[in-house]
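Please read the structure below before turning to the comments.
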Amino acid sequence: MIDALIEVAPQLVRQRQLLPAFDWSKANKQQIQRLVDRLAEADMVVPAWLARDILVSGHSLPPTATSALSVELLVLSRLNDMHSGRPVKEVLLEISELVMTLPPSGEIAVAMVRRLCELDASAEACAVALAAWPVTPQALHHARKVFASHLQTLPVLKTRVAGFSTASTFARALVPAFAKRGVRIEADEAPFGSAIAELHRLPPGTQASLILLDPQTLLESSWRTGFDAAASDLTARLDALEQAIAAHATETGAPLLINTLPTVTKPSMGYMDSYHEAGLAMLTRRTNAALSALAGRFANMTLIDTDVALARMPHEARHDPRLWFYGRIAFAEPAVNEIAEAYSAAWAMRQAKPVKVIAIDFDNTLWGGVFGDDGIERLQCGDDPPGNAFKAFQVECLRLKAQGKLLIALSKNNTDALEILDRHVGMALRRDDFAAVAVNWQPKSDNIRRIATDLNLGLDSFMFLDDSPHEREAMRRLCPEVRVPEMPTDPAERPRWLRGLTETWPARLTVEDIERPAMYLAERRARELKATAASYDDYLRGLEQQLTIESLTARTLPRVAQLHERTNQFNPTTRRYTEADLSAFLSRPKTTIVLLGTADDRFGKHGIVIAAVARLDGGTAYIDSLVMSCRVIARQIETAFLGALIEALCKQGITEVVAGYRPTAKNELVRDLYASHGFLPLDTGEQDVRNWIWRVNQQPLPASPFVTVQWSLR
Amino acid sequence: MMSAVATSDGVRPEIIAIFAEVFEHEAPISIATSPGDVARWDSLNHVALVSMIERTFGIGLSMDEMIEIQSVGDIQRLLARHGV
């Protein structure tokens with residue numbers, strides 16, 4: 001029967017008859033070879049659908065038949081071809097690349113995982129299964145034993161999981177979701193429906209709270225008192241929820257991840273649903289608006305948009321009424337997996353070092369065509385296809401700039417390519433939108449390193465966008481710290497793709513974030529002044545710097561926390577005070593003083609660039625932290641600020657100020673900070689800290705002739 | 001997977017495989033095997049069991065049928081009812 005089918009395979013393939021339904025595990029190796037030969041005789045290759053069926057059933061295909069296959073099928077064929085022992089390194093490398101770029105899914109992922117387990121390649125089996133999750137959760141079932149031991153190697157995150165209905169399926173789904181991003185989540189499950197109580201009383205040692213809201217419980221109404229009941233039941237629940245979230249945010253300080261309610265698909269009032277106060281759509285909107293307001297207020301709250309998480313999922317697959325009535329399970333398995341995935345992605349984003357700089361290529365990235373070959377007139381960018389896709393991409397770049405990212409032009413071109421930006425009518429970007437430019441024929445890795453030095457930013461805060469796979473590969477190899485995402489080849493796909501790059505999503509936007517591009521432009525101009533000034537003093541004098549000092553307030557709290565979080569160089573103690581720590585200081589002004597400074601100069605505003613936390617103990621003040629943005633290094637801002645800080649401390653009756661320097665890999669810059677400001681060494685016997693002391697009437701107050709200090713009246 | 005549980009008389013091999021996967025239960029099972037005999041057969045895994053049965057055999061079960069399953073025999077009877 002098989003042999004007969006194989007002999008007529010060319011016809012069957014053309015007509016897609018019989019062969020698609022055939023179980024190839026029943027065929028032997030010779031028969032597969034005969035099939036390939038038979039097709040070759042008819043001048044045909046093995047089509048992808050047939051190759052897929054054959055490979056998934058455990059066979060391999062001869063190299064002659066695999067040339068046109070996708071990488072995942074090719075890798076599967078090579079795995080099936082191996083008899084025993086671990087697969088060769090080359091194949092393992094291909095697998096790890098596949099996992100990063102085009103994760104396999106469906107039966108291919110399952111077949112790959114099973115084969116890798118058979119070949120004892122546990123790490124790869126796990127990687128493929130996790131990459132396939134949550135699209136193909138079955139793959140992980142096949143790797144469950146290796147997955148269990150893989151989990152033991154990951155760092156632990158202790159969380160408390162609670163919901164308004166059953167949260168067990170959610171807690172379970174969080175395990176692979178977080179393992180995907182290298183975290184072993186301990187999802188300690190609170191009693192059924194206890195979300196509100198949990199928010200008020202978080203068990204000690206918990207690193208994060210994960211709350212799952214569901215529309216079934218939150219929007220439930222008895223309807224006993226008619227329309228009023230639906231609205232007032234929700235009001236009561238929302239009040240309790242708001243109070244609980246506020247209590248959690250202010251009292252525990254632990255991060256809280258919570259989701260919005262998904263869009264209503266079965267309205268309770270038909271077309272009136274979206275405007276009547278008792279309509280489910282209306283109630284959903286009210287709930288989500290309340291949650292949004294809370295997320296805006298509390299930095300340690302992350303709101304996960306359930307609609308975005310479930311966007312790929314058909315509505316029938318989201319909720320299974322049988323599961324709801326059987327076990328109060330509000331989200332069906334595929335949906336709860338996608339939601340868990342969104343929580344994990346949001347958590348990873350909170351932890352990741354933010355991308356601050358986007359370095360962008362010109363030809364075929366910002367516009368279609370090559371300037372050197374096509375000339376300015378024929379470059380594609382504007383309001384008509386295909387140039388409109390490039391213009392849309394530029395608009396996305398402008399959005400990133402508006403969200404505080406610095407744009408860098410990084411192109412291999414003659415310098416006159418820069419003029420395109422201001423001369424071509426179709427461009428959305430202008431030359432001044434770029435905080436720095438490198439348009440020359442040097443390697444892009446050299447250029448990006450030079451710009452990083454100029455801007456005083458680490459390469460690990462850079463992302464590089466280029467349509468050329470060669471340039472991307474070179475950047476990855478030569479500057480491994482730079483993030484280099486794969487870019488779709490079709491320009492039409494790119495604007496949407498750029499929006500989806502989670503690494504560029506802002507975790508939180510402070511005023512400084514939004515003003516950052518303008519500040520860097522001011523700095524670029526200041527650098528130009530420096531190049532023309534006769535001496536450094538002349539340059540500093542020409543800057544006309546002003547420093548405004550004020551005490552910490554609720555308004556400035558996010559930025560001061562951000563300075564503590566991000567500053568590595570100008571940071572003598574590396575104490576990282578969070579918003580919660582700082583807001584605790586606000587409530588005890590007698591023992592802790594937090595000052596901050598806002599800098600301006602002739603070229604623009606720099607925002608809040610320096611802050612210090614001083615702890616008072618009797619007549620002595622201890623500078624527990626002093627952090628300054630690297631944007632204003634070497635401008636004597638720190639001198640003026642230290643003077644103001646010490647002066648303020650003396651007004652509180654302080655007679656001596658003690659400050660420490662704890663060396664790290666990055667803070668060499670401030671090793672001599674206190675010595676150069678008149679502090680004397682103080683031996684406290686501590687091993688890893690060098691301490692310094694300043695005594696009233698014995699040392700002069702630090703002061704700079706180049707910075708005008710004023711106190712804010714706010 | 002199947003060779004390890006060769007003594008599961010009268011139980012369909014697909015069900016043995018499902019029990020291994022959902023409950024990580026590798027010991028022999030019989031028609032009479034019920035939640036009391038399987039460590040992980042709790043209400044939550046019961047849901048996973050039902051969805052695995054539905055996926056494996058391409059059928060849909062009602063809530064009554066979900067509740068009706070109290071032993072391996074119940075599963076086989078349901079499968080017969082659905083003609084698989």
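What's counted below: heavy atoms across the whole structure, side chains too, no hydrogens, waters or symmetry copies. Each chain gets a letter, A, B and so on, in the order its sequence line appears, and its residues count up from 1.
- Atom CZ of A/Arg184 has more than 12 heavy atoms from other residues, nucleotides or ligands within 6.0 Å.
- Atoms CZ and CD, on A/Arg322 and B/Glu54 in that order, are 4.0 Å from each other to the nearest 0.5 Å.
- Across B/Ser51 and A/Glu333, no two heavy atoms sit closer than the pair OG-OE1, 4.2 Å.
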A/Arg172/B/Leu44 under side chain to side chain contact (heavy atoms under 4.5 Å, CB included): CA gap, chis, key distance, verdict
CA-CA 10 Å; A/Arg172 194 176 278 199; B/Leu44 191 60; 3.5 Å; yes

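- Among the residues in residues 63-81 of chain B, those with a non-hydrogen atom closer than 4.5 angstrom to a non-hydrogen atom of chain A are B/Met63, B/Met66, B/Ile67.
- Heavy-atom proximity under 4.5 angstrom to chain B picks out A/Ser168, A/Thr169 from residues 159-169 of chain A.
- Atom CZ of A/Arg114 sits in a sparse spot, with 12 or fewer heavy atoms from other residues, nucleotides or ligands closer than 6.0 Å.
- Atom CD of A/Gln138 and atom CZ of B/Arg55 lie 5.0 Å apart (nearest 0.5 Å).
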